[in-house]
There are 2 protein chains.
Amino acid sequence: MLAMETRWLTREELAAWVRLAAVLELLPGRLDQQLRRDAELTNFEYYVLAMLSEAPERTLRMTGLAAQTNATLPRLSHVVRRLEERGLVERFPCADDARATNARLTAEGWRTVQESAPGHVATVRELVVDALTPEQVAQLKEITDALLQRLDPTGRMSDVYRRHDEPA
Amino acid sequence: MLAMETRWLTREELAAWVRLAAVLELLPGRLDQQLRRDAELTNFEYYVLAMLSEAPERTLRMTGLAAQTNATLPRLSHVVRRLEERGLVERFPCADDARATNARLTAEGWRTVQESAPGHVATVRELVVDALTPEQVAQLKEITDALLQRLDPTGRMSDVYRRHDEPA
DNA sequence: AGGCTTTAGTTGTTGCTACAACTGAACCCT
DNA sequence: AGGGTTCAGTTGTAGCAACAACTAAAGCCT
């Protein structure tokens with residue numbers, strides 16, 4: 001490890017970082033809390049179902065689903081198994097590639113997504129969107145975009161949505 | 001549950017939220033990764049040590065430490081026990097209130113914080129601060145401030161830092 | 001065709017967090 | 001002073017995530 005001069009954070013940088021760290025600590029728990037309470041779903045499970053619900057045929061290969069949700073394959077495998085046990089998802093072998101497995105949303109899974117989406121959106125509004133001015137929302141988009149270029153340069157996660165946000 | 005019209009997110013709001021959600025998912029893992037690799041500490045353990053290192057006498061009561069780190073008391077209790085087993089922290093009963101327990105950073109704990117801070121700061125720079133323009137850093141501070149008013153209205157977490165950021 | 005490497009996914013183990021139950025000290029009230 | 005309530009913290013249990021090891025199919029190479 002090369003010993004180099006540490007560039008400490010300036011007052012302004014520290015203020016921004018400390019607040020961001022607090023948000024990082026608090027927000028996921030709140031989202032989880034609402035979903036567990038109202039839909040008996042973890043935040044991660046909700047996103048898995050949401051990704052499936054927007055996919056063609058409501059079906060995705062495990063690998064693709066893992067990329068979109070930033071999950072490792074083992075993690076996804078466990079989660080999908082539990083969702084399958086609850087009847088929200090079903091798995092079946094891929095016709096083209098016998099190594100691959102497809103996950104598909106069941107009718108009940110679809111219903112679950114429909115029912116839980118409004119509450120989830122309301123929470124996102126309450127805790128994030130409605131706390132900001134429209135100008136700040138635009139700024140937040142630019143800022144998170146910049147961060148994602150560092151965090152996820154290949155755009156595994158964000159590409160999923162770019163379809164919706166930026167059809168151009 | 002009152003059935004009310006769902007206010008869905010606009011295109012711009014969705015774009016901002018989706019990116020923020022991705023950051024929420026990716027950033028904590030990266031911070032954890034660096035600290036585990038270079039200092040054998042979780043992000044949360046690091047913050048516990050950091051809070052202690054800035055406290056008078058490098059000592060805090062468990063309850064106060066829990067508030068500053070957004071931990072429940074049981075969670076903190078487990079974490080401090082492990083840190084104590086590693087010799088980074090020591091616990092002793094509070095003289096004023098026999099119900100209370102103080103946690104104090106040991107010399108080795110202090111050394112650990114000193115050694116791991118530069119690497120942590122470098123990571124924060126790399127993934128966050130240096131990805132943004134100075135203007136964006138200022139915007140991020142305002143935005144996260146607004147979010148924290150919803151997430152943490154009493155300022156349990158953020159008050160800790162306000163001393164440093166905004167001495168006024 | 002036979003064998004090596006890569007890819008896709010599952011299964012098993014360990015560690016941490018959330019939740020609940022518990023102990024004991026402090027406070028309050030008459 | 002005595003009895004009930006609140007407060008501070010610990011301990012025990014259950015569930016999820018990270019990591020490692022494993023199985024099986026596909027691709028490649030000669």
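Residue numbering restarts at 1 for every chain, and letters A, B, ... go by the order of the sequence lines. Quick caveat, the model's predicted, so the values are computed rather than measured. Side chains included, hydrogens not; waters and symmetry mates left out as well; all remaining heavy atoms used.
Look at B:R75 and you won't find any side-chain N or O under 4.0 angstrom from OP1 or OP2 of D:dT11. Listed pair A:R82 / D:dC16 meets the phosphate criterion, a side-chain N or O lying under 4.0 Å from OP1 or OP2.
Taking the side chain of A:R61 as heavy atoms from C-beta on, and the options C:dA8, D:dA8, C:dA25, the nearest nucleotide is C:dA8.
For the atom pair CZ (A:R61) and SG (A:C94), the distance works out to 5.0 Å, reported to the nearest 0.5 Å.
Using a 4.0 Å heavy-atom distance criterion, B:S77 is classed as a base contact.
Taking only distance into account, the side chain of A:H78 never meets the base of D:dG15 through a donor-acceptor pair shorter than 3.5 Å.
Residues A:L140 and A:T144 meet the side-chain proximity criterion, which asks for heavy atoms closer than 4.5 Å. Proximity of A:D130 to B:R7: side-chain heavy atoms (C-beta onward) are separated by under 4.5 Å at one or more points. Under the 4.5 Å side-chain criterion, counting only non-hydrogen atoms from C-beta, B:T112 is in contact with B:L41. Using a 4.5 Å heavy-atom cutoff, the side chains of A:R150 and A:L147 are not in contact.
Residues that satisfy the side-chain hydrogen bond (donor to acceptor under 3.5 Å, both in side chains) test with A:R82, not counting sequence neighbours, are absent from this structure.
Following rounding to the nearest Å, A:Q33 (CD) and C:dT17 (P) show an atom-to-atom distance of 17 Å. The CZ atom of B:F44 sits 19 Å away from the C1' atom of D:dA18 (whole-angstrom rounding). As a whole-Å value, the separation of B:L73 CG from C:dA21 P is 17 Å. Atom CD of B:E40 and atom P of C:dG15 are 13 Å apart (whole Å). Atoms CG (A:L60) and P (C:dA8) sit 14 Å apart, rounded to a whole Å. Spacing between atom CG of B:L65 and atom P of D:dA8 amounts to 14 Å, rounded to whole angstrom units. Note: CZ (B:R81) to P (D:dT11) measures 8 Å, nearest angstrom. Put simply, CZ on A:R36 is 11 Å from C1' on D:dA14, counting in whole angstrom units.
Both A:E45 and A:D96 lie near DNA chain D, and the one whose nearest nucleotide falls closer to the 5' end is A:E45.
Classification of B:E25 and B:R19 as a salt-bridged pair fails, no side-chain N sitting under 4.0 Å from a carboxylate O.
Scanning all heavy atoms of the two residues, the minimum distance from B:L35 to B:T42 falls at CD1-O, 4.3 Å.
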Taking only N/O atoms, report every protein-nucleotides 20-22 of chain D pair under 3.5 Å with atom names and distance.
none

Extract from the structure each pairing of a protein N or O with an N or O of nucleotides 2-7 of chain D at less than 3.5 Å, listing the distance.
| residue | atom | partner | partner atom | Å |
| --- | --- | --- | --- | --- |
| D:dC7 | O4' | B:R99 | NH1 | 3.4 |

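Note: A:H120 and A:Y46 have tilted aromatic rings, judged against thresholds of 30 and 60 degrees for the angle between ring planes.
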